[in-house]
Amino acid sequence: MKKSVLFYIVVVGAFTAFMWLILQQGQKLDAAAAITVVKESGNHLGSWASFSSEFVKSLHHPLGVLILQISTIILVARIFGMLANKIGQPTVIGEII
């Protein structure tokens, strides 16, 4: 019992010290230099057109492609799970397919 309590105290203390170190290092960053404001003059796109243009731009970044791939996999797995459920099979069978 005493060993587990000591273990939890050490883990929480180490995590707290680690978070404090991260916060101290973060305060040294120059936040003003990281923020850039982009103003478009004369180009008043609608919200859907603006969204679609930004979406297409983000697909050139590997993280954007990864998120799109994961979303597609989850969506297709859910659809096949519902189809399998309709024909009397467990949902997980459709998700595996």
Side-chain angles (χ1 to χ4, degrees):
M1 176 75 177
K2 290 182 181 182
K3 285 185 179 181
S4 64
V5 171
L6 181 63
F7 172 75
Y8 287 123
I9 290 173
V10 169
V11 168
V12 170
F15 181 74
T16 303
F18 183 65
M19 292 304 295
W20 179 80
L21 180 68
I22 289 174
L23 289 173
Q24 294 301 317
Q25 294 298 319
Q27 289 177 352
K28 295 178 184 177
L29 295 175
D30 187 17
I35 298 174
T36 58
V37 177
V38 178
K39 292 185 179 181
E40 296 180 15
S41 61
N43 189 5
H44 299 289
L45 295 174
S47 58
W48 178 254
S50 177
F51 169 76
S52 61
S53 68
E54 289 299 320
F55 182 75
V56 170
K57 285 181 193 175
S58 68
L59 287 180
H60 296 292
H61 193 276
L63 184 61
V65 174
L66 177 68
I67 291 173
L68 182 64
Q69 289 172 342
I70 291 172
S71 301
T72 304
I73 290 170
I74 291 172
L75 180 69
V76 171
R78 292 289 182 167
I79 290 171
F80 275 94
M82 287 188 294
L83 290 174
N85 201 8
K86 292 223 184 250
I87 62 172
Q89 295 296 319
T91 306
V92 71
I93 298 298
E95 290 175 348
I96 291 172
I97 291 173

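In summary, of the residues considered (L59, L63, I73), a side chain to side chain contact (heavy atoms under 4.5 Å, CB included) with L68 occurs for L59 alone.
Smallest separation of non-hydrogen atoms from A84 and P90: CB-O, 3.8 Å. When all heavy atoms of A49 and S52 are compared, the closest pair comes out as O-OG, 3.0 Å.
Here the CD-CG distance, from Q24 to L21, works out to 8.0 Å after rounding to the nearest 0.5 Å. Note that the OG1 atom of T91 and the CD1 atom of I96 stand 11.0 Å from one another [nearest 0.5 Å]. To the nearest 0.5 Å, the span separating CG on N85 from CD on E95 amounts to 10.0 Å.
Between F51 and W48, the ring planes lie tilted relative to each other; the angle falls in the 30° to 60° range.
I67 and L75 are not part of a single hydrophobic cluster, where members link through side-chain heavy atoms under 4.5 Å apart. Hydrophobic clustering, with ILVMFWY side chains joined whenever heavy atoms are under 4.5 angstrom apart, keeps F55 apart from V65. F15 and V12 fall into different hydrophobic clusters, defined by Ile, Leu, Val, Met, Phe, Trp and Tyr side-chain heavy atoms under 4.5 Å apart, directly or through other members. One hydrophobic cluster holds both F80 and I93 under the rule that ILVMFWY side chains link at heavy-atom gaps under 4.5 Å.
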